Every structure is written in structure tokens, then in C-alpha cells.
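Fair warning: this is a prediction, and the values are worked out from it, not measured in the lab.
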Amino acid sequence: MSEAYLKKEPCLLEVQGLKMLFPTGGSILGKNKRYVHAVDGVSFSLRAGETLGIVGESGCGKSTVGNLIVRLLKETEGRILFDGHDITAMSARQFKPLRKEMQMVFQDPFSSLNPRKKVFDIIAEPYHIQTKMSSAEIRKNVEYMMELVGLDKSYQNRYPHEFSGGQRQRIGIARALALKPKLVICDEPVSALDVSIQAQILNLLKDLQEELQLTYIFIAHGLPTVQYISDRIAVMYLGKIMELAPERELFEHTMHPYTEGLLDAIPVGDPTKRDEEDKPILEGDLPSPLNLPKGCRFCSRCKYAQQICAQKEPELAEVTPGHYVCCHFPLIASEEKKSE
Amino acid sequence: MKQIKRFFKLLLRSSTGTAGMVIVILICLCAVFAGQLAPHDPNAMDLTNMTKPPAWMEGGDWSHVLGTDNLGRDILSRMLYGSQISLVVGILATLTSGAVGMVLGLVSGYYGGVTDHVIMRVADAFYAIPGILLALVTLMVFKSSGIVTLVLVIAAISWVQYARLIRSEVLRLKGKEFVKASKTLGASSGYIIFHHILPNVWPSFIVVSTMSVAGSIITEASLSFLGVGIQAPLISWGGMLSDGRVLLATHWWVATFPGIMITVAILGITFLGNWLRDVLDPHNKGL
């Protein structure tokens, strides 16, 4: 799994110029409609077996990207190629068999399980929808899945509310993996859990990846979780990827001021290492995605902003091999780091 | 078997629930066995025994326990037969309006868009007219007052509450991640509605239906009281109230006993409904 991006693994997923605009306001006749630019031109590709982390503040469109890939939403523009097939051009019927290949683990373990279904029925649902297995086969498979995610199979007749958050998330993972998908989109799978449980679930996801050769898109709002599990990390801001780099590269040679801000926001565990003078780099709030600023969308919060930043929007460009940055002055951040 | 045992265990834990259940069962028994229980023919007039007071009052006797009305008909017998009409109308009206409201609410909430707009605006229109008025006018225009017409009219004025309730529940459930998960698995709308939406809508539906039986009984009684509901020779509690109204000052028992019956029945059904709401709440573990 590790560093699969360096090997010449086949490309599993390719996202090209993905855009998602949500109409808002206006009358029912369609006058004065305005659009929220939830995802505003996102492109990346993913090799089989690797884990791409997507981070960003709430509202930056990271979950929307996940929902677009599994076709919970219909994109406004752009293409998604899965295993070479353009899934954006497919009808729901054509796409149904492909759904087996990509599944999602959800954020809220309390809303992701139907409270009126038993664990067995929850994990059996994928088989009912996608296969014609006999009930004996389904039982065997469900028990195998429960074992795989570390749930005792004696729990199968219990209801979700009898479980803790971590156990519920395991049930959700079992359901997502039941059909042996290739791609699993983890939409903030640990952010609703206790810190002690987070590590367990992350380790479980890592182990399962190795065992089942899974490819992950791991969505989170903080860098530390993503760092732990990802091979590459994409940093999103207001619907766009600001920086995309291999995990180590991103942390050691940060190029985008926003990434620098996110890194700065990670709390320091050791109080003696804390810098009293240290002012947070990131201040203020996100601009409204309804009226995006002209020029670079980060420039209102960027301490390195120059005149050009407010006028011309930068493009995501490969600055060093494998390291993409969307900034007019990408090196400023890293140079300043070196001089420190 | 285990479920039934559990049901009764839960029921006995609540005093109002038990009371409601007992009342409802008693009324059902009255309705079913009215023929056996009634001491007299409910429509038999006895001009020698007009406006006889209840047995415990001066002038009363035990052959007419609750007395007779101004035509000498036995009030107890009439009340027993009246429970048949009240229950039949109440249950049928609830089933009809429940079915209509359920389907429209599901469609409206699940599919949204223009369908939702149209259904909800029609519902608003129905809601804007006072129910009894609408029923009165309809019944007068169609000049028919059989049970079927009455049921349809009551259903027409009460489906809106179901449609609204179900719609809001569906909207709430539609956004849940387990529905999303089902969609990413490729489930059809039908599968999602039957496996995920309905089982979660069911409890509130049952509670509202129970309450609505009470509402329908009241509406039927009101319409019969106003003279457009159940017509003689069929007997309804509302009709008995209406007959007794003019005698209220002199012969109070003619109107009072059917009135008490209506109150007790409504109270019992409401108690039962409240208890069901508590029990079916997912946080109370459900049944």
C-alpha cells in the first residue's frame, strides 16, 4: 500500500475538472438564481492501492467531491473516470453494477445505520441489493465480514443503538466492504469518535487496506488524521485543490500558505515547545462560496498576498515532481521555513 | 409469543396506558356484542315508558337502567348499538385518510420538486377550510348520509395531517446517511422507501392514527349532532346527544349518558395513543 503512487500501479480513478454548483435563492421561476460553488474545478488521479487524503475546513467541498464520485450527486461539469470508464456519462442502470466497486464509509455512525434494522440486516443489505445469493451464503458472508472488522458474530441480532460509536463505525465499514469494492471513500470516518477510538478505527482501515488491496479516498478536516493514513494529501479550500503532494513532501516542503496555516493550527502536545508569541497564521473566516473573491480565493486570508493575487487566479501547477500547488508565489512559504 | 408478553409487560407499567387499553377493549366488546348485551330493541318505542329516569332515581326501575328517551327507547341499548357506528366510522375514516395521507406524504417528501409543491398546495387548500364546515356543505350538497359518504367526508378533512406528518418525516429520513449508504449500494427508490423510510415512519403513523380515530369519532358525533351525519334508524352517540338536547333542562339523562360515552371513548383512545407514542419512540427501545 505505501508509496503506491511511486510504483506504476494502474490508474483506478481519474477526476477531471469536476464542478458542482448548487443553485440557491431566487424565485421558483428561476429568476435571480445564485450558485454556491461547492466544488470548483477539481482534478486528481488515484492509483490502485494508494490512499489520497483530502483535507480542508468545513464547507470547502471535500465531502461533495466524495458524494460526486459515488454518484450521490450529479456534477455540473467535469468527468470522472473509474477503471477507464467515464461514469459521469452512465445512466443509473448502467452504473449499478459498478457501484459494487466503490463504497462509502460515513461520518456519523449514529445516522449511518438504520435504527430499526438489526446488525445482520444492515450488513446483509449490500448482498440483497447487488447479488442473488441464497440466505445461507449471505449469512456466511455477513459473519465473515463481522469477523473481519472485529465484531463478535453473536452481535448480529442486536440493534444499532446497543453499540458504541466505534462499534457502529465498524458495522458501517463491514457494510461498505461487503461487496469487496476497489475504492472506498471514507468521509470523515473518525471525526465523530472519541480520540481513543479514532486510532482503533484508523488502524482497522489500514489493516483492511492491506488485506483487501483497497484504494482509499480519506476525507478529514484535520491534517494529523490524514497524515497517519494517506500516501498523498490534497488540501482543499473553497472548492479547489490548493496543494497536492505526497504526504511527507507536503509536511516537509509546504508550498501553499494555506497548508502552512493548517500545519500551524495543529496543537503542540509538549507545552515547553509551545511558542508563546506564536500568533495563528490562519485568521478570519472563509469568504462566502456565493461570491468568490476575484483572483486567488485564499488571498483575503493570506499574509503573503501581493497585488497580483487579488487580480489573477492562480492555476494548480506541478512545481516539483508530484507536488502541485495553486499559488502565485509557492516558494515563499517554503523559503521562509528554511530560513527559520 | 415473547413479543406479546413484552407488550403486556410494558403496558402494565403505565397506568394511563392500561386504562386506555381497558376502555378501548370494553368499547370494542360493547360494539361486537351489542345484540347480546342490549336489554331492549334500541329502536322499540314504548309510549308508556317515556322519559323514564335512570334506575337509581325516583321513578326509575331496573328494566331501563339508564332510563328512556322521549319516545320511550332504552338509552343503554341505544348507547351499545351506537358504539358500533362510532367505531366503524372512526376506524374506516382513519384507514381511508391514513392511506391517502401516507401515500401522498411519501410521494411528496421523497420525490420533492413540482410533485411536492402541487400536493402540499392542495393540502394547504384543504387545511384552510374549517373541517366541519366543509363536511357540512358536502353532506348537504350530496344529500346522502350513509356510512360510506360520512367516512369519505371525514377522510377528506383529515388526510392533510397525515400527509404533512409523513412528508416531514420522510424529509428528515431522506437526508440520513443510511439512506445515502443504500443509494451508493444501488438500491432503487422502492427498496429505500420500503426498507428504510417506512419502518421509521411507521411508529409516528400508528400514534397519529390512534389519535385520529378519536378525532373521527368526534367529527362523526358533531355531524350527527348537527343533523347531517348518521340518520335514523341507525344510532350514533352524536345523534342521541342531538335528540336529548331539547330535553336537557327537564330530562338530563337523555343527553348526558351518550355525552359521557363519547368523552370516555375519546379519553381511552387518547391514553392509548399517548402510551403508544412513548413505547414506539426509538429512544425507548421500541417494541
What pair of heavy atoms forms the shortest contact from [X] to [Y], and how long is it?
X: S112(A); Y: F178(B); answer: O-CB, 3.2 Å
X: N67(A); Y: K180(B); answer: ND2-NZ, 3.9 Å
X: Q103(A); Y: L185(B); answer: OE1-CD2, 3.5 Å

Please check if atom [atom1] in [X] has more than 12 non-hydrogen atoms from other residues, nucleotides or ligands closer than 6.0 Å.
X: E137(A); atom1: CD; answer: yes
X: K74(A); atom1: NZ; answer: yes
X: R93(A); atom1: CZ; answer: no
X: F95(A); atom1: CZ; answer: yes
X: K153(A); atom1: NZ; answer: no

**Prompt:** What do the steps show when you test H128(A) against Y191(B) for side-chain contact (heavy atoms from CB on, under 4.5 Å), and what is the final call?
**Reply:** CA-CA 10 Å; H128(A) 284 300; Y191(B) 184 95; 4.1 Å; yes
**Prompt:** Checking heavy atoms, do the side chain of L113(A), its backbone, both or neither come under 4.5 Å from chain B?
**Reply:**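 Contact with chain B involves the backbone of L113(A) alone.
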**Item:** Atom group of L179(A) that falls short of 4.5 Å from chain B, counting heavy atoms
**Value:** side chain
**Prompt:** Which pairs pass salt bridge (charged side-chain N to carboxylate O under 4.0 Å, His left out) with one or both residues in residues 155-171 of chain B, sequence neighbours excluded?
**Reply:**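 Residue pairs with at least one partner in residues 155-171 of chain B: D116(B)-R167(B), D124(B)-R164(B), E169(B)-R172(B).
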**Request:** Let me know if S182(B) has heavy atoms under 4.5 Å from chain A in its side chain, its backbone, both or neither.
**Result:** both
Could you give the distance from [atom1] ([X]) to [atom2] ([Y]), rounded to the nearest 0.5 Å?
X: R99(A); Y: K183(B); atom1: CZ; atom2: NZ; value: 9.5 Å
X: K117(A); Y: N200(B); atom1: NZ; atom2: CG; value: 10.0 Å
X: K176(B); Y: N114(A); atom1: NZ; atom2: CG; value: 10.0 Å
X: I129(A); Y: T184(B); atom1: CD1; atom2: OG1; value: 8.5 Å

**Fill in**
Most contact-rich option vs chain B, by heavy-atom pairs under 4.5 angstrom, among A176(A), S111(A), P126(A), G172(A), is S111(A)
**Request:** Just give me the residue among K100(A), E125(A), K96(A), M104(A) that pairs up with chain B most often, heavy atom to heavy atom, under 4.5 Å.
**Result:**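 Among K100(A), E125(A), K96(A), M104(A), the one with the most close pairs to chain B is E125(A).
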